[in-house]
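Note: hydrogens, waters and symmetry copies are ignored here, and every other heavy atom, side chains too, is used. Keep in mind that this is a model prediction, so the values were computed, not measured.
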Number of protein chains: 2
Amino acid sequence: MLTEEKKEIQEQRTKGYFIQAAKEILKGEGIRLISVRNIADRAGYSYATLYNYFKDLKDLIFLCVKDFQDECEITIKEETETRARGKEKIEGITQGYLKYFIQYPGIFDLFFLERMSEIGSKQKTSELIYTFFDRLCQEEWDFCVSKGIFQADEAESRKVELKLMVTGLLLFYNNRRQPANFEDFMNIAKNQLAFILR
Amino acid sequence: MLTEEKKEIQEQRTKGYFIQAAKEILKGEGIRLISVRNIADRAGYSYATLYNYFKDLKDLIFLCVKDFQDECEITIKEETETRARGKEKIEGITQGYLKYFIQYPGIFDLFFLERMSEIGSKQKTSELIYTFFDRLCQEEWDFCVSKGIFQADEAESRKVELKLMVTGLLLFYNNRRQPANFEDFMNIAKNQLAFILR
DNA sequence: TTTATAAAATTAACACTGCAAATTTACTGA
DNA sequence: TCAGTAAATTTGCAGTGTTAATTTTATAAA
């Protein structure tokens, strides 16, 4: 039967409408202003229709994670294209990463702050988030090790350190407005980056 | 008039009942299960009475921050009493800090994740949170500088680094269950701590 | 083309939430 | 005792996520 395939295509298309709507809201209004009715309105469906395609709201919005990661990665790749490999590229990637999550605080909320629904692909998604920054930098850390700039275990420590530092920095700035202005934020970021890569 | 003073005393007492109830819920059920009705029930009042004493719910629960900080500080002080000053004490303080926010994830949520209401003592409270860990360690960093273990600017960098690292670590573990078990968590914490204090 | 059936989408409803205005209760000073 | 004030409560609103029942739409068979 071709019918089954057609159904599948249509179902995926409809799911896509909801996901697209959710992504738009997340980037614009932010995660606080997201709601089932909000998403459904934008997707052109009734709010209850959403539950024919997704287990619950959390399920839907966490499907956006992968898309946003891809978008973020592409942006950073473009921005750091001309940078020299190694430390300098790690620096550029970090700056691009910070920039992205400051530009879209709703996506930061989604990645790090929003509670996930208990069941489902919870573990997979949280691992995706946990390893995201590592994946962005991995090639360059390997490069540093291959060039003898860092020892393997030392590079590993710095990699973890950088990830945790960047996450903490964004959390304070996006969620607690600390430090109070962007200039101070960038100064701290720069200093800490230099400290870790010294 | 003595009446004014009496009123003040009674008002503070009543406020205290609400705050005490909120603190109990935050430590127990956590911030997700907190609600106006929930707090008022426990305090022995109607839920609307709460609004006679607090601007809104957020206002109330962020009044708990100072109390929890004091409690946390006292606990850590006791635990690290016998430690040698300097690096070793910083290590102990960090461990106690991690322990506290893992034991009470609801308090972690309150400190770092929960959105504050826009007006009021927002800035003051967020600064209190931002500087908390720094204040816990400050004496020991100063000690290190005075003993020539670190230079002043170097100590400052490490202090900031430690704060951001610890915050990121707790965020991933408490909110994303990454790493997946406590043993891994403690190993990472230990390694990173050694990296920063090296 | 008409009819039976399955699928998709919607409406209505529930149990919550924070919050505010109106109303009742309790208390204080004359 | 009574009036005025402060405190506490009831009532109500607008919003949330989610589910069940219902209607609408699309599909397959006669």
Nearest whole Å is fine: how far is [N] [atom2] from [X] [atom1]?
X: B:E11; N: C:dC27; atom1: CD; atom2: P; answer: 17 Å
X: B:K58; N: C:dG18; atom1: NZ; atom2: P; answer: 9 Å
X: B:K15; N: D:dA7; atom1: NZ; atom2: C1'; answer: 15 Å
X: A:K55; N: D:dG17; atom1: NZ; atom2: P; answer: 14 Å
X: A:Q10; N: D:dA26; atom1: CD; atom2: C1'; answer: 9 Å
X: B:L57; N: C:dA20; atom1: CG; atom2: P; answer: 12 Å
X: A:E114; N: D:dG17; atom1: CD; atom2: C1'; answer: 13 Å
X: A:R13; N: C:dA8; atom1: CZ; atom2: C1'; answer: 15 Å

(message) With a cut-off of less than 4.0 Å, is there a side-chain N or O of B:Y53 near OP1 or OP2 of D:dA8?
(response) yes
(message) Is it the case that the ring center of B:Y100 lies less than 6.0 angstrom away from the ring center of B:Y104?
(response) yes
(request) Could you tell me if the ring centre of A:Y97 sits under 6.0 Å from that of A:F101? (result) yes
(request) With A:R177 as the cation and A:Y173 as the aromatic partner, state whether NZ or CZ is under 6.0 Å from the six-membered ring centre and within 45° of the axis. (result) yes
(request) Measure from NZ or CZ of A:K163 to the centre of the six-membered ring of A:F132 and say whether it is under 6.0 Å with the direction within 45° of the ring axis. (result) no
(request) Test for a donor-acceptor pair under 3.5 Å between the base of D:dG17 and the side chain of A:R37, counting only N and O atoms. (result) yes
(message) Looking at A:N52 and C:dA9, is any side-chain donor or acceptor paired with a base atom of the opposite kind under 3.5 Å?
(response) yes
(request) Could you check whether the rings of A:F18 and A:Y53 sit parallel, tilted or perpendicular, using 30° and 60° as the cut-offs? (result) tilted
(message) Can a donor-acceptor pair be found, under 3.5 Å and without considering hydrogens, that links the side chain of B:K87 to the backbone of B:L197?
(response) yes
(request) Mind running side-chain contact (heavy atoms from CB on, under 4.5 Å) on A:L164 and B:L164 for me, showing each step along the way? (result) CA-CA 7 Å; A:L164 297 178; B:L164 297 178; over 6 Å; no
(message) Is there a continuous path of hydrophobic side-chain contacts, each under 4.5 Å between heavy atoms, that joins B:F195 to B:I90?
(response) yes
(request) Give the nucleotide from the list C:dC19, D:dT27, D:dT18 with an atom nearest to the side chain of A:Y51. (result) D:dT18
(message) Starting the side chain at C-beta, find the nucleotide from D:dG17, C:dC19, D:dA8 nearest to A:V36.
(response) D:dG17
(message) At a heavy-atom distance below 4.0 Å, what parts of residues 41-50 of chain B sit against DNA chain D?
(response) B:Y45, B:S46, B:Y47, B:A48, B:T49
(message) To the nearest 10°, give me the bend of the helix from C:dT1-D:dA30 to C:dA30-D:dT1, comparing the axes of its five terminal pairs at either end.
(response) 20°
(request) Report the C-alpha distance between A:K159 and A:Q138 in whole Å, list the side-chain angles of each, state the deciding distance to 0.1 Å, and finish with yes or no for side-chain hydrogen bond (donor to acceptor under 3.5 Å, both in side chains). (result) CA-CA 8 Å; A:K159 191 182 77 180; A:Q138 191 59 54; 2.9 Å; yes
